[in-house]
Structure formats: structure tokens, C-alpha cells
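Notes follow once the structure below has been shown.
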Amino acid sequence: MPLVVVDGANVVGSVPDGWWRDRAGAAIRLRDRLAAVPGTGLTGLPAPVEVVLVVEGKARDIPQTPDGIRIERAPGSGDDTIIDLVRREPRTRPIVVVTADRGLRARATALGAEVRGPSVVPR
């Protein structure tokens, strides 16, 4: 089963909708938009997929829900947590990191992950 790791801060920040006034609320809205992805997949990545949403800072305390999205709470840098997740995964399944962060993109692809931009996330 493919793994999709979503850079919560970066994906939330890709839409100027006032997210900065309520970072936790923005992360919850993203979590809820991702709820369909395990059962529908992404373009070119058919379901089922495992989805991990990495949150950091003020968004770190959002609640886990039973919808199949795993919340990974970064103790520090969200990018470092994402790279740790990618590094720990066996190379026997596809790994997709969703981010627009250039530095994170380079680090993830160096480990063999595919990277897609925030536009793949349901809006």
C-alpha cells in the first residue's frame, strides 16, 4: 500500500485563506479534506493508500480522528519529521511526499520518495 506523507504547514500555507489567524483550525480543515484520500487515492496513485499528516507548532495538538488519516506530531521541525518517516519506510512500497518546499523536495527525492505539490490535495 502506498504511503502519502502530507507536509501540513506547507499545504495549509499554499492557500492564502487566513490560515495564519488559526493554524490549528486550518490543520483540522486539511485533515478533514484528506479523509477521502485513503479510499480514493491520488491522481496516478490508486487506492488504497495510507495517509500521514505531519503537523507542527500551534497545529500539533489537533485531535486524531477515526477517518484513516494518521496525525504525526512533529516535536520540532516538520520537515525533519517527514524525512524521518520516509527514511524509516521500507522501499517495497511507493512513498509520496506532498509539499512545495524546495529543500524538503530535494531531501525526500534523495531518499527515493516521489514528491507532489499541494494541488493534489482535495480542496
Side-chain angles (χ1 to χ4, degrees):
M1 177 185 313
L3 173 65
V4 176
V5 181
V6 179
D7 180 355
N10 186 268
V11 172
V12 162
S14 70
V15 179
D17 62 359
W19 59 264
W20 51 90
R21 291 188 293 269
D22 181 10
R23 293 171 192 258
I28 287 169
R29 289 188 299 277
L30 174 58
R31 179 204 63 203
D32 294 348
R33 288 195 323 266
L34 290 168
V37 174
T40 61
L42 298 173
T43 303
L45 190 68
V49 298
E50 178 184 358
V51 178
V52 177
L53 173 60
V54 177
V55 292
E56 62 185 78
K58 293 183 179 184
R60 189 178 17 233
D61 295 327
I62 67 170
Q64 179 71 56
T65 61
D67 61 8
I69 305 302
R70 187 174 96 213
I71 305 296
E72 186 75 29
R73 299 166 203 315
S77 162
D79 291 3
D80 290 344
T81 298
I82 290 167
I83 292 303
D84 288 344
L85 287 168
V86 171
R87 191 175 283 125
R88 286 194 312 250
E89 282 299 315
R91 298 295 169 243
T92 56
R93 69 175 176 163
I95 302 169
V96 176
V97 174
V98 179
T99 189
D101 180 296
R102 289 182 190 185
L104 179 56
R105 292 175 72 94
R107 292 171 68 191
T109 56
L111 293 172
E114 177 185 344
V115 178
R116 297 190 185 187
S119 65
V120 302
V121 171
R123 302 268 172 197

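None of the values given here were measured: they were computed from a predicted structure. Values below: all heavy atoms of this structure, side chains included; hydrogens, waters and symmetry mates excluded.
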Of the non-hydrogen atoms in [X] and [Y], which two are nearest, and what is the gap between them?
X	Y	result
P38	A35	CD-O, 3.3 Å
P2	P48	CD-O, 3.5 Å
W20	D17	CZ3-N, 4.3 Å
P118	N10	CG-OD1, 3.9 Å
A26	W19	CB-CB, 3.6 Å

Between the main-chain N or O of [Y] and the side-chain N or O of [X], is there a donor-acceptor pair closer than 3.5 Å?
X	Y	value
R33	P122	yes
R60	R73	no
R70	G68	no
R116	T43	yes
E56	S77	no
E114	A108	no

Are R123 and V15 close enough, and set up right, to give a side-chain contact (heavy atoms from CB on, under 4.5 Å), and what steps lead you there? CA-CA 10 Å; R123 302 268 172 197; V15 179; 2.7 Å; yes
Common cluster, [X]/[Y], ILVMFWY with side-chain heavy-atom separation under 4.5 Å:
X	Y	answer
V86	L104	yes
L3	V6	no
V120	V96	yes
V12	V54	no
L30	L42	yes

Quick one: are P63 and I28 in side-chain contact, heavy atoms under 4.5 Å? yes
L111 vs R91 side-chain heavy atoms within contact, under 4.5 Å: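 In contact.
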Working to the nearest 0.5 Å, report the span between OG1 of T109 and CD1 of I95. 12.5 Å
Look up atom OG1 in T65 and atom CZ in R31, then write down how far apart they are to the nearest 0.5 Å.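 One finds 4.5 Å between OG1 of T65 and CZ of R31.
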Could you walk me through whether L34 and L53 pass the side-chain contact (heavy atoms from CB on, under 4.5 Å) test, one step at a time? CA-CA 9 Å; L34 290 168; L53 173 60; 4.2 Å; yes
Lys/Arg-Asp/Glu bridge criterion (N-O < 4.0 Å) met for R29, D32: no
Ion pair R107/D80, N-O distance below 4.0 Å: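 Counted as a salt bridge, because a side-chain N and a carboxylate O are separated by less than 4.0 Å.
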Donor on one side chain, acceptor on other, D101 and T99, under 3.5 Å: no
